[in-house]
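Reviewing the structure listed below.
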Amino acid sequence: MSDYIVDHPILKFERGKKVKFFFEGREIEGYEDQPIAAALHAAGIRVLSYSEKLGRPRGFFCAVGKCSSCLMEVDGRGNVMVCMEPLREGMQVRRQKGRGKV
Amino acid sequence: MKHLFSQNDIDICVVGGGPAGLEAAIVAAELGAKVLIIDDNPVLGGQLIKQTHKFFGSKAHYCGVRGIDIARVLAGKAIELGISVMNNATVVGYYDDDILGVLHDDTLSAVKAKRYVIATGASENMLAFDNADLPGVYGAGAVQTMMNVFGVVPGKRAVAIGSGNIGLIVPYQLLQAGVEVAAIVEIMDRVGGYYVHAAKIKRCGVPIYLKHTIVAAQGKDRVEAAVISKVGPDYSCLLGTEMTIACDIILIAIGLSPLCDLLYHAGCRIDYIPELGGNVPYHDENMMTSRPNIYVCGDLACIEEASTAMLEGRIAGARACESLFGKGSEEDAVADEAAHELEVIRQSPFEARIVSGKKQRERDIIR
Ligand SMILES: Cc1cc2nc3c(=O)[nH]c(=O)nc-3n(C[C@H](O)[C@H](O)[C@H](O)COP(=O)(O)OP(=O)(O)OC[C@H]3O[C@@H](n4cnc5c(N)ncnc54)[C@H](O)[C@@H]3O)c2cc1C
């Protein structure tokens with residue numbers, strides 16, 4: 001877990017407890033309750049899904065739950081907005097390919 | 001749908017807990033209304049929760065206070081006043097019989113109030129260029145959220161597109177978080193934001209390329225570089241002036257669009273006024289929309305700034321109360337004072353665009 005801000009001139013970050021979750025089956029660490037997208041970004045993962053027609057890689061855009069660019073498959077459920085969805089222990093997170101399954 | 005709150009419980013329901021919604025809620029509660037705030041974030045404050053810089057504005061409006069601290073003050077006041085708050089709750093629709101559909105914990109519930117103050121703010125505009133969909137092309141606000149709210153290093157080297165206040169402030173905050181800023185790119189021949197913000201970032205050695213725009217992002221499955229180009233007098237790219245700048249994030253800071261969705265659902269009149277941010281809800285001087293039970297304020301009503309958002313919120317809150325409880329001197333006093341302060345702020349040359357947009361709407365009404 002390297003890409004977290006530790007020393008900041010103005011801000012202090014309070015983080016939840018460390019949890020393990022899975023990205024494409026690979027175990028990763030994150031902090032409970034942080035948005036899934038934040039945990040993935042900190043772990044160096046930028047590609048969250050592939051577009052429907054051309055299979056182009058997609059990441060997040062707005063990070064505040066408005067643009068739907070960050071939809072992923074979480075615990076088998078498609079179209080989860082990972083910039084808002086809080087991280088939980090043991091979650092299975094996968095890149096969504098095209099439209100999500102409900 | 002489960003019924004959560006009904007008209008008997010709630011006088012005024014405020015959608016959006018940013019500075020505009022919070023002020024509307026606080027004023028309404030102070031005037032005796034039973035108020036509910038619904039916001040989709042875990043904490044109240046809207047855009048303020050990521051703004052680490054000290055604010056501009058007038059003395060009375062938290063000038064010199066950091067956005068994050070203003071958010072804390074307002075949220076504290078709301079709680080003190082006993083305002084009900086639903087966090088992590090998204091209003092997904094405005095239904096018949098004036099009912100809001102609220103999604104919370106994977107459950108859709110109904111909320112009904114006598115009056116609504118909609119203060120949903122705005123969303124960031126996207127820009128079209130080659131590979132604009134590559135991961136790493138982010139809204140400037142998104143980058144700000146990543147670093148200042150989530151505490152995640154957003155990237156190693158950034159290029160920002162747009163030099164309005166957001167395009168100037170977020171790069172400065174990137175430097176504070178230890179991220180290199182390679183360039184700020186602005187298509188106009190002058191910086192869009194305040195001079196002080198521009199001066200601050202220039203002092204840090206960040207070049208601002210005026211009369212330039214982005215033509216492409218490069219990279220395999222993430223941003224590896226930005227290609228920028230000079231533009232001519234008609235803003236088209238001048239061939240042969242392209243420059244490739246290595247970076248892993250590209251920030252888009254070219255403007256915001258009001259989040260009008262709920263007002264479309266409700267059938268409120270929406271006008272296209274570019275000076276105010278594009279499609280904006282019609283409202284009168286009381287911040288009432290074309291539907292008498294719905295008020296608006298803040299960035300939703302016109303893309304402006306936090307101090308004006310708060311003042312509009314005060315007017316909306318007071319006038320919504322007035323429409324419920326009848327005309328009273330207290331309501332008038334609050335709304336009139338806020339309206340006067342708004343007028344003073346809008347005399348600044350930076351506000352000329354807003355004033356002309358508002359006038360355009362008035363002309364449209366007369367026509
Ligand atoms: C980088 C940056 C720097 C800025 N600097 C300054 C400055 O120095 N001085 C200044 O005065 N202004 C500044 N501003 C502008 C200021 O932040 C905004 O004008 C102000 O926050 C607008 O307030 P608001 O309440 O209208 O909207 P917001 O603060 O955006 O709040 C809206 C809230 O509603 C929520 N919401 C939206 N839709 C729904 C829904 N359907 N259901 C539930 N909740 C919903 C949103 O998530 C959000 O929490 C800056 C803005 C940015 C981005």
Side-chain angles (χ1 to χ4, degrees), chain A residues 1-16 30-31 33-70 74-75 77 79-87 95 102, chain B residues 40-42 46-47 49-54 66-69 88 90 103 106 120-126 131-156 173 175-179 219-223 248-249 252 256-257 259 261:
Chain A
M1 293 212 278
S2 54
D3 271 353
Y4 286 99
I5 299 171
V6 187
D7 290 318
H8 192 284
I10 298 159
L11 296 167
K12 274 205 177 59
F13 296 102
E14 283 162 31
R15 307 188 195 276
Y31 294 102
D33 281 335
Q34 72 178 152
I36 297 170
L40 293 175
H41 197 93
I45 294 152
R46 301 287 181 272
V47 181
L48 307 181
S49 66
Y50 292 98
S51 70
E52 188 184 351
K53 278 192 189 157
L54 301 176
R56 290 173 65 89
R58 290 280 160 81
F60 64 81
F61 177 71
C62 80
V64 286
K66 302 289 181 288
C67 79
S68 295
S69 182
C70 68
V74 177
D75 291 335
R77 194 159 57 107
N79 289 347
V80 175
M81 213 179 250
V82 295
C83 74
M84 300 292 278
E85 192 72 19
L87 183 68
R95 286 183 175 131
V102 188
Chain B
D40 52 6
N41 285 288
Q47 300 303 320
I49 64 164
K50 49 186 149 181
Q51 292 171 12
T52 49
H53 59 286
K54 293 179 178 159
R66 297 184 199 282
I68 42 174
D69 296 325
N88 298 311
T90 307
L103 194 58
D106 285 340
T120 43
S123 66
E124 301 195 89
N125 294 342
M126 186 51 193
N131 291 326
D133 59 344
L134 262 189
V137 178
Y138 299 147
V143 169
Q144 205 184 24
T145 305
M146 269 290 152
M147 65 179 170
N148 293 351
V149 182
F150 307 153
V152 172
V153 181
K156 292 192 174 61
Q173 294 175 355
L175 296 175
Q176 286 180 320
V179 180
K220 197 176 155 288
D221 55 9
R222 60 167 70 187
V223 168
D248 63 347
I249 44 174
I252 309 295
L256 303 162
S257 295
L259 281 167
D261 317 32

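Each chain gets a letter, A, B and so on, in the order its sequence line appears, and its residues count up from 1.
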Just give me the residue among B:P135, B:P42, B:A142, B:A140 that pairs up with chain A most often, heavy atom to heavy atom, under 4.5 Å. B:P135

Identify which part of B:T145 has an atom lying under 4.5 Å from any heavy atom of chain A, answering side chain, backbone, both or neither. side chain

Return the CG to NZ distance between A:D3 and B:K156, rounded to the nearest 0.5 Å. 5.5 Å

Heavy-atom closest pair, residues A:H41 and B:P154: NE2-O, 2.8 Å

Please look at A:C83 and chain B and tell me whether the side chain, the backbone, both or neither of the residue comes under 4.5 angstrom of a heavy atom of that chain. backbone

Applying side chain to side chain contact (heavy atoms under 4.5 Å, CB included), run through A:R77 and B:D106 and close with a yes or a no. CA-CA 12 Å; A:R77 194 159 57 107; B:D106 285 340; 4.0 Å; yes

Residue part contacting chain A, namely of B:V223, when any heavy atom lies under 4.5 Å: neither

Segment of B:N88 engaging chain A (4.5 angstrom heavy-atom cut-off): neither

Lys/Arg-Asp/Glu bridge criterion (N-O < 4.0 Å) met for A:R58, B:D133: yes

Under 3.5 Å: donor-acceptor pair, side chain of B:R222, backbone of A:I45: no

Among B:D248, B:N131, B:I68, which residue forms the greatest number of heavy-atom pairs with chain A at distances under 4.5 Å? B:N131

Any salt bridge between B:D261 and A:K66, counting N to O under 4.0 Å? no

With only heavy atoms counted, which part of B:N148 is less than 4.5 Å from chain A, the side chain, the backbone, both or neither? both

Treating A:R15 as the side-chain partner and B:G151 as the backbone partner, does any N or O pair qualify as donor plus acceptor under 3.5 Å? yes

